[in-house]
Amino acid sequence: MIVLLIVGVFVLWLILTGLTTTNAIILVGSPIVTFIFMFGDTSKTFFQGIVFVYLVHPFDVGDLCIIDEKMLEVVTIGVWKTTFSKVETREEVIYPNSDLANKTIINHKTEFDWNDYLDIYVGSTDNDEINTLKQKIEE
């Protein structure tokens with residue numbers, strides 16, 4: 001935005017001082033406007049993909065996700081698209097990241113620390129149950 005503001009002020013300065021005419025600005029400005037129309041949507045999609053992958057980051061490779069009521073495994077994540085594999089049929093499904101940004105994604109992480117979720121209430125169990133649990137943990 002700062003670069004655009006500087007360029008705009010510079011062009012306005014050239015017009016006000018009389019160093020250039022509006023014909024010269026039209027000659028220089030028309031290719032710029034053409035470039036913006038040609039690559040504006042591509043640039044917007046690319047920027048949305050970068051924001052989705054690196055800032056939102058709703059899943060990692062290998063995670064199991066539910067999208068559109070289908071259980072999918074994340075295969076690859078790119079800036080433009082993300083590739084999934086259907087759990088039942090192993091069929092490959094490709095979603096553009098711009099579509100994923102507007103969908104509800106339920107993520108079932110495949111790698112997390114199980115120790116964070118282990119609750120054992122020792123006061124309500126007898127010694128036989130405690131020994132059985134110890135054996136299961138050691139295995």
Side-chain angles (χ1 to χ4, degrees):
M1 292 298 288
I2 293 173
V3 172
L4 291 175
L5 184 64
I6 290 171
V7 169
V9 169
F10 180 71
V11 168
L12 188 61
W13 176 77
L14 287 175
I15 291 173
L16 291 176
T17 57
L19 294 175
T20 186
T21 62
T22 55
N23 289 339
I25 292 175
I26 291 173
L27 183 67
V28 172
S30 55
I32 293 172
V33 171
T34 303
F35 182 78
I36 290 171
F37 278 118
M38 287 174 51
F39 298 107
D41 191 49
T42 303
S43 301
K44 179 183 136 195
T45 305
F46 181 72
F47 181 72
Q48 284 178 343
I50 288 175
V51 168
F52 180 75
V53 170
Y54 293 109
L55 295 181
V56 176
H57 197 70
F59 43 72
D60 290 318
V61 173
D63 287 352
L64 295 174
C65 299
I66 299 175
I67 302 172
D68 295 333
E69 299 178 3
K70 293 181 276 188
M71 180 69 87
L72 304 169
E73 180 182 1
V74 181
V75 178
T76 60
I77 301 172
V79 174
W80 299 103
K81 62 184 173 156
T82 301
T83 305
F84 296 95
S85 174
K86 287 185 180 179
V87 174
E88 304 89 24
T89 61
R90 301 317 257 171
E91 178 184 348
E92 194 171 271
V93 180
I94 298 173
Y95 281 107
N97 288 341
S98 58
D99 289 347
L100 287 175
N102 299 323
K103 290 188 182 284
T104 302
I105 300 170
I106 301 171
N107 187 3
H108 299 286
K109 293 237 180 242
T110 55
E111 295 181 20
F112 54 89
D113 190 7
W114 284 96
N115 295 328
D116 289 344
Y117 302 100
L118 182 63
D119 291 330
I120 299 175
Y121 297 104
V122 179
S124 64
T125 56
D126 60 353
N127 287 337
D128 293 334
E129 290 180 48
I130 292 174
N131 289 334
T132 305
L133 288 172
K134 283 183 182 178
Q135 289 174 355
K136 286 183 181 179
I137 291 172
E138 290 174 357
E139 292 174 2

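In this chain, numbering begins with 1 at the start of the sequence shown. Quick note: numbers below take in every heavy atom, side chains included, and nothing from hydrogens, waters or symmetry partners.
- Considering CD1 of I32 and CD1 of I36, their distance stands at 7.0 Å, rounded to 0.5 Å.
- Looking at D63, its side chain never comes within 3.5 Å of a backbone N or O of V74 through a donor-acceptor pair.
- A continuous path of ILVMFWY side-chain contacts below 4.5 Å connects L72 to W80, so both sit in one hydrophobic cluster.
- A continuous path of hydrophobic side-chain contacts links I50 to I77 [ILVMFWY only; heavy atoms under 4.5 Å].
- Counting heavy-atom neighbours within 6.0 Å of E88 CD, excluding the residue itself, gives a total above 12.
- A single hydrophobic cluster is seen to contain both M38 and F35, as judged by linkage of ILVMFWY side chains at heavy-atom distances under 4.5 Å, directly or through other members.
- Under the 4.0 Å criterion applied to side-chain N and carboxylate O atoms, R90 and E73 are assigned as salt-bridge partners.
- To the nearest 0.5 Å, atom OG1 of residue T34 and atom CZ of residue F39 are 10.5 Å apart.
- Summarising the local packing, NZ of K44 is surrounded by 12 or fewer heavy atoms from other residues, nucleotides or ligands at distances under 6.0 Å.
- The OG1 atom of T76 lies 7.5 Å from the CD1 atom of I94; values are rounded to the nearest 0.5 Å.
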Given the rule in the side chain to side chain contact (heavy atoms under 4.5 Å, CB included) test, do I66 and H108 qualify, once you have shown the distances and angles that lead to the verdict? CA-CA 8 Å; I66 299 175; H108 299 286; 3.6 Å; yes

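- Linking Ile, Leu, Val, Met, Phe, Trp and Tyr residues whenever their side-chain heavy atoms come within less than 4.5 Å leaves V75 and I105 in two separate clusters.
- If you take CD1 on I106 and CG on L64, they are separated by 12.5 Å, rounding to the nearest 0.5 Å.
- Here the CD atom belonging to E92 is positioned 5.0 Å from the OG1 atom belonging to T83, to the nearest 0.5 angstrom.
- Looking at N97, its side chain never comes within 3.5 Å of a backbone N or O of Q48 through a donor-acceptor pair.
- A continuous path of hydrophobic side-chain contacts links V93 to V61 [ILVMFWY only; heavy atoms under 4.5 Å].
- Between K70 atom NZ and C65 atom SG the span is 13.0 Å, to the nearest 0.5 Å.
- Ring geometry, F84 versus Y95: the interplanar angle exceeds 60°, so the pair is classed perpendicular (tilted spans 30 to 60°).
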